[in-house]
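All remarks here apply to the structure that follows.
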Amino acid sequence: MKKLFRAFNYLKLKSANDQKKDPAVDGCKVQNIPRSLEQAKLELNRVFADCDDFCLREISLGTDDEISIMIGFMEGLVDKQMVNADILKPIMIESHKIDLKYSNIINLLQKELLTANQLTGVYNFTDAVVSILSGDTVIFISGCHTALKADTKGWEKRPVEEPDTESVVRGPREGFIENLQTNLALIRRKIKNPNLKFEKMKLGSQTNTDVCICYIKGIVHEGIVDTVRKRLEEIKIDAVLESGYIEEFIEDAPFSLFPTVGSTEKPDVAAAKLLEGRVAIFCDGTPFALTVPFLFIESLQASEDYYFRFYFSSLVRIIRAAALVITTTLPAAYVALISFHQDVIPFKLLLNIAASREGIPFSPFAEALFMGITFEFLREAGVRMPRPIGQAVSIVGALVLGESAVSAGLASNIMVIVTALTAICSFISPSLGVTTVFLRLINLAASNIMGFLGLTLSLTAFLIHLCSLRSFGIPYMAPFTPLAGMDLKDTVIRYPMWAMFTRPRSITRKNVDRMDFNQL
């Protein structure tokens, strides 16, 4: 009954959200562009009341000043030099040299006077308000029901630089930034193909955040694009401040420990995924781009794998897979061996373990849990502290606490080694960093109850769950289940580039040939 009641409340709230009007629309009493500049000015001043960064400028056109024009923009969001040079200067100087008529004023401004690189008509007052808030300059003309929108965005932004989360030894050093247009340009530089399509929309009733869907027409499966577009259009929320907001709304299994939506800060990674038939989602205000569908095998891959020789890349991927197994099962295996399966341990090693655990008042499970939680404290402190201090806190804290725990008899030397190895291996697959913490705890609890049998049952349950997951209709464990022989060339073992002549069939389903695709 509780679940039914919650479902009823959710549907009721969703219905109310669907019927709720956009706050921007509710704030405007007029819908069409007013013919009178006085009326437009009053409405703009009412909408932008107490907004000191909103600027209005009235000027006249023609030799007899018979036509009045008003421009509106937000200070700090526009390039003032562009506004002065491309809008104000042509109107105030060049317009006095020609004869103007009301019948052709719009065409005259667009085709002869204004030098802004993008000029589009605006027919709705709400669209004009949203354009001003987005950094455009809107030009209102007396006697016209149409306004003009000039692209004059020019706010401050940080330069393109190497991302800290995906550092590489070999490969491009550039990363996405918080500006949407710059990020799209970085992708366009990688893929110089008109089939690379960008579809923009706005999400967030209060923030009106620009979001862009990116894909390569002819490679991507249209069903995936339609699914992405539909899920984005169904998002009803007042604010989208980062791509993580979108991720929670569009992922297939929101309660699963495993991510079904990928993210990256590197243009070369995003371009490679697009060329395999995936869809990228860019959000203004964040350097992280989302990629879908996302498969489990991608957690073991890195962009450098395709820049080094194939045998070295294959070795590194095997190491990553082994590190993932170690970081999720090593503490659980330690507890299972000490608590249930002492006869498996070699006799001399068993004597050393018994000597190191002498005087420790806690069980192996409590000891492993204590050390694991202590490591998570140190890692979180290292992330949240200022960068120059955080690294010192992590290293010094680990050394001091580890040595102190052994000296105080709270943990054994073997447990410190197990925790250190588990921590090191957890850093090898950063995309599964949070997931491995929960997997480690669940495996630890299972092994404390039933030993290796509990650990085996826990791992089997996770494997079954992985095989049941899907990401935008694609099996999460592809190409292993269902088995796709040709796609196995780019999994744990990477074949040479000249041998990988097909794209993943489970994603593209068509146009799988990498070497003969040309639909310009």
Side-chain angles (χ1 to χ4, degrees), residues 17-59 67-80 82-84 86-88 91 105-106 109-110 114 116-156 179-181 199-212 232-233 235-241 245 283-285:
N17 268 347
D18 292 342
Q19 296 176 3
K20 186 178 180 181
K21 293 183 178 180
D22 191 341
V25 177
D26 293 341
C28 300
K29 294 182 178 179
V30 297
Q31 292 188 358
N32 298 325
I33 302 294
R35 295 175 64 91
S36 170
L37 283 189
E38 289 299 323
Q39 184 181 357
K41 183 178 180 180
L42 288 174
E43 185 65 16
L44 285 171
N45 287 330
R46 189 190 64 80
V47 172
F48 294 106
D50 300 324
C51 295
D52 294 337
D53 55 344
F54 174 64
C55 300
L56 275 178
R57 175 73 186 273
E58 295 185 58
I59 49 181
I67 300 176
S68 297
I69 287 181
M70 180 175 63
I71 65 171
F73 58 89
M74 300 298 291
E75 186 177 5
L77 297 183
V78 300
D79 185 346
K80 287 187 177 181
M82 189 182 301
V83 174
N84 294 334
D86 297 340
I87 298 177
L88 291 177
I91 292 177
I105 182 62
I106 297 293
L109 288 172
Q110 285 184 307
L114 300 182
N117 58 356
Q118 285 187 1
L119 277 174
T120 55
V122 181
Y123 310 97
N124 185 281
F125 192 81
T126 301
D127 294 340
V129 171
V130 174
S131 298
I132 292 174
L133 291 171
S134 300
D136 297 323
T137 298
V138 178
I139 306 166
F140 299 90
I141 306 160
S142 60
C144 294
H145 273 307
T146 302
L148 292 177
K149 177 180 68 174
D151 184 6
T152 55
K153 299 181 181 69
W155 51 74
E156 295 294 330
N179 184 267
L180 178 61
Q181 288 301 129
E199 294 184 15
K200 291 185 178 180
M201 62 179 67
K202 291 186 180 294
L203 295 180
S205 58
Q206 297 291 342
T207 58
N208 286 300
T209 306
D210 291 320
V211 176
C212 182
L232 289 177
E233 291 173 351
I235 295 177
K236 304 296 181 182
I237 191 173
D238 62 344
V240 175
L241 303 178
Y245 284 57
C283 178
D284 192 25

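Inter-residue side-chain proximity for I71 and V83 is flagged as met; some heavy-atom pair is nearer than 4.5 Å. Proximity of L56 to N45: side-chain heavy atoms (C-beta onward) are separated by under 4.5 Å at one or more points. Contact check for D86 versus L114: no side-chain heavy atoms found under the 4.5 Å cut-off. Residues F48 and I132 are in side-chain contact: their nearest non-hydrogen atoms beyond the backbone lie under 4.5 Å apart.
If you take NZ on K153 and CD on Q181, they are separated by 7.0 Å, rounding to the nearest 0.5 Å. The CD1 atom of I141 sits 10.0 Å away from atom CD1 of I33, with the distance rounded to the nearest 0.5 Å. For the atom pair CD1 (I105) and OG1 (T146), the distance works out to 12.0 Å, reported to the nearest 0.5 Å. From T126, atom OG1 reaches atom CG of N32 across 9.5 Å, with rounding to the nearest 0.5 Å. Put simply, CG on L44 and SG on C51 are 11.0 Å apart, with the number rounded to the nearest 0.5 Å. The distance from atom NZ of K41 to atom CD of E38, rounded to the nearest 0.5 Å, is 6.0 Å.
Residue D52 qualifies as open at atom CG: its count of foreign heavy atoms under 6.0 Å is 12 or below.
A side-chain donor-acceptor contact under 3.5 Å links T207 to the backbone of V240. D210 contributes no side-chain N or O that, together with a main-chain N or O of D284, makes up a donor-acceptor pair within less than 3.5 Å. When atom types are taken as modelled, the side chain of T152 and the backbone of M82 share no donor-acceptor pair closer than 3.5 angstrom.
Of all heavy-atom pairs spanning A116 and A150, the tightest one is CB-CB, 4.1 Å. Shortest non-hydrogen contact noted between K200 and L180 is CE-CD2, 4.5 Å. The heavy-atom pair separating L148 from Q110 by the smallest distance is CD2-NE2, 3.6 Å. Heavy atoms only, all atoms of each residue included: E43 and R46 are closest at OE2-NH2, 2.7 Å. The two residues K149 and S131 come nearest to each other via the heavy atoms CD-OG, 3.1 Å. Residues D151 and N117 approach most closely at O-OD1, 3.9 Å, considering heavy atoms.
Ring geometry for F125 against F140 counts as tilted: the plane angle lies between 30° and 60°, on a 0 to 90° scale.
The side-chain contact (heavy atoms from CB on, under 4.5 Å) test with Y245 singles out one residue from I235, I237, T209, and that residue is I237.
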Take I69 and L109 through the test side chain to side chain contact (heavy atoms under 4.5 Å, CB included) and record every step on the way to the result.
CA-CA 11 Å; I69 287 181; L109 288 172; 4.2 Å; yes
